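Below: one structure, written as structure tokens.
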Amino acid sequence: MSILVTRSSMPSFEEYCEEIKDLWESHWLTNMGIKHQLFQKQLEDFLECPHVALYTNGHLALENSIASMNFPNGAEVITTPFTFVSTTHAIVRNSLTPIFCDIKPDDFTIDPEKIETLITERTVAIVPVHVYGNICDIDAIESIAKKHNLKVIYDAAHSFGEKYKGVSTANFGDASVFSFHATKVFNTIEGGAVCFKDDNLISILNDMKNFGIRDAENVVYVGGNAKMSEFQAAMGICNLRHIKTEIEKRKNVAERYRCNLNGVKGIKLCEPKDNAIYNYAYFPVAFDGYDTNRDNILLELKKNDIIARKYFYPLTSDLQCYKHLSSANNNKTPIATYWSDRILTLPMYADLCLEDVDRICKIVIQKNSTF
Ligand code: T4K
């Protein structure tokens, strides 16, 4: 059987059926029903965050969180090109200009030292990404934002359940946005959430995700439809019951990978930060000074029915829809360009068995004759 890059976590069939049973009595399937309300409250508790706005997917959550800040058209937003395309799309679909900032070579998150050099009078916000679940340099980013009066919206799609210095990643910046897509550590099939502290944002986001409707006769925004359904919320309620075990199992997988790959010449692994609790969302491996290149390893794994992925290659700034932008110049993001050519994310999910991890590592290591 193939080993894919990830595999959705699911509750037992019986558990999900039990959770959705009462929907057959109520016939209430969406539009902020009982499951939605319960799940929202459970997440606020789990994430220790005052406000959670649920969404039908992470992308629309990100788009709306940026829209809710009401930035002027064309304003500049500093962000990373080393991410899934959704991050950049969410900025551009709000008629804002992404300014691509380079990343740090140790954890591939946005480099705060480079952010400051990109700030102009048109800059309104920073959109950093906790890429792979590697927590950004929060302290430095917050202090730059404060100094220059910028908003910070974290794309926290990969960081559900993580903490830095004891604080959940839901609580950083003006908003933090999670994805609950099927491929994530925690899923609601499709889904996402905006997490924030500002009481004023609640009604704005609730209206925006529901066509801008404030009440039956008042439409206050040109909003879309981004509501989470009752079936998605029910999946969230079930999966939240198991999240601790889920992360614990992923931790075992990550440790086994580390045990096999740590110290192999030419292989670079992300080093965990002090004071951080991780969710082990991805297992990125960088090949630098290795006997063969990343693409050959990808192929060798594929020959063995093991599917790794080049997350995140190409950089979003290299994509056809963005490469014309003036900040989309690889000379301006040399570190991101360098590592994007060298990283593979190896299969990672809770039920990946440790013998399979050993087999994957063996295939990777065999490619390096100098080991
Ligand atoms: N910001 C960041 C930084 C993100 O990474 C993402 C999403 C977003 C924002 C936007 O959030 P959402 O709107 O998606 O909530 C995947 C996901 O579709 C996407 O959610 C994710 N990032 C991105 C990094 O990866 P693909 O095209 O690589 O996924 P796909 O379909 O190839 O699936 C990968 C593997 O996952 C499959 O080989 C098997 C497994 N899988 C997949 C699906 C769909 C399952 O086990 N079950 C499933 O239902 O994009």
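Since this is a predicted model, take the numbers as computed values, not measurements. Order of listing sets the numbers, starting from 1, for every ligand and every atom in it. Count residues from 1 along the sequence. Note: hydrogens, waters and symmetry copies are ignored here, and every other heavy atom, side chains too, is used.
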Checklist entry - Which residue supplies the protein heavy atom nearest to atom 48 (C) of ligand 1, what is that atom called, and how far is it? => result S8 OG, 3.6 Å

Item to check | Residue A157 vicinity, atoms of ligand 1 by number, heavy atom under 4.0 Å | outcome: 1 (N), 2 (C), 3 (C), 4 (C), 9 (C)

Checklist outcome for this item: The protein heavy atom nearest to atom 41 (N) of ligand 1 is T183 CG2, 4.0 Å

Item to check | Cation-pi check, K209 onto Y55 ring (under 6.0 Å, within 45° of axis) | outcome: yes

Item to check | Contacting atoms of ligand 1, where contact means under 4.0 angstrom from a heavy atom of G191 | outcome: 15 (O)

Checklist entry - Right, does atom 20 (O) of ligand 1 have protein non-hydrogen atoms nearer than 4.0 Å? => result yes

Item to check | Contact (N/O only, under 3.5 Å) between E190 and ligand 1 | outcome: no

Next on the checklist: Run K197 and N171 through side-chain hydrogen bond (donor to acceptor under 3.5 Å, both in side chains) and show every step you take.
Outcome noted: CA-CA 7 Å; K197 296 189 208 101; N171 282 307; 5.1 Å; no

Item to check | Side-chain donor/acceptor of T80 to backbone N/O of P128, under 3.5 Å | outcome: no

Item to check | Ion pair D45/K41, N-O distance below 4.0 Å | outcome: yes

Next on the checklist: Please work out, at 4.0 Å between heavy atoms, whether the side chain, the backbone, both, or neither of Y282 comes within that distance of ligand 1.
Outcome noted: side chain

Checklist entry - Who gets closest to atom 7 (C) of ligand 1 by heavy atom: K184, E63, H59, H158? => result K184

Checklist outcome for this item: Filtering F84, F312, F82 for the heavy atom nearest atom 50 (O) of ligand 1 leaves F84

Checklist entry - Heavy-atom contacts under 4.0 Å between D155 and ligand 1: side chain, backbone, both, or neither? => result side chain

Next on the checklist: Under 4.0 Å from a heavy atom of S86: which atoms of ligand 1 are those, numbered in the order shown and with their elements?
Outcome noted: 8 (C), 9 (C), 10 (C)

Item to check | Among F180, Y132, Y349, Y311, closest by any non-hydrogen atom to atom 28 (O) of ligand 1 | outcome: Y311

Checklist entry - When the ring planes of H130 and Y154 are compared, do they come out parallel, tilted or perpendicular, using 30° and 60° as the limits? => result parallel

Next on the checklist: Starting from atom 15 (O) of ligand 1, what is the nearest protein heavy atom, named by residue and atom, and what distance separates them?
Outcome noted: S179 OG, 2.7 Å

Checklist entry - Any nitrogen or oxygen of G58, main chain or side chain, under 3.5 Å from a nitrogen or oxygen of ligand 1? => result yes

Item to check | Element-labelled atoms of ligand 1 that are located less than 4.0 Å from some non-hydrogen atom of A182 | outcome: 48 (C), 49 (O)

Checklist outcome for this item: Residue, atom and distance of the protein heavy atom nearest atom 35 (C) of ligand 1 read V5 CG1, 3.8 Å

Checklist entry - Got a salt bridge between R258 and E255, using NZ or NE/NH1/NH2 to carboxylate O under 4.0 Å? => result no

Next on the checklist: Which residue and atom name correspond to the protein heavy atom nearest atom 39 (C) of ligand 1, and how close is it?
Outcome noted: T6 O, 3.5 Å

Checklist entry - Which of the numbered atoms in ligand 1 are below 4.0 angstrom from a heavy atom of R309? => result 26 (P), 27 (O), 28 (O), 32 (O), 34 (C)

Item to check | Residues K310 and D295 bridged, charged N to O under 4.0 Å | outcome: yes

Checklist outcome for this item: Quick note on ligand 1: atoms under 4.0 Å from a heavy atom of R7 include exactly 46 (O)

Checklist entry - When the ring planes of Y132 and F108 are compared, do they come out parallel, tilted or perpendicular, using 30° and 60° as the limits? => result perpendicular

Item to check | Closest non-hydrogen atom pair, D288 against R342 | outcome: OD1-NE, 3.7 Å

Next on the checklist: Students should be able to answer this: which protein heavy-atom is nearest to atom 44 (C) of ligand 1, and at what distance?
Outcome noted: H181 CE1, 4.1 Å

Checklist entry - Taking NZ, NE, NH1 and NH2 as the nitrogens, is one of them in R250 or E246 under 4.0 Å from a carboxylate oxygen of the other? => result yes

Next on the checklist: Looking at E19 and R241, is any side-chain nitrogen of the basic one under 4.0 Å from a carboxylate oxygen of the acidic one?
Outcome noted: yes

Next on the checklist: Is any side-chain heavy atom of V85 closer than 4.5 Å to one of F312?
Outcome noted: no

Checklist outcome for this item: For L4, the ligand 1 atoms with a heavy-atom partner under 4.0 Å come out as 38 (O), 39 (C)

Checklist entry - Numbering the atoms of ligand 1 from 1, which are under 4.0 Å from a heavy atom of T83? => result 3 (C)

Next on the checklist: Distance check, rounded to the nearest 0.5 Å: I78 atom CD1 versus I91 atom CD1?
Outcome noted: 10.0 Å

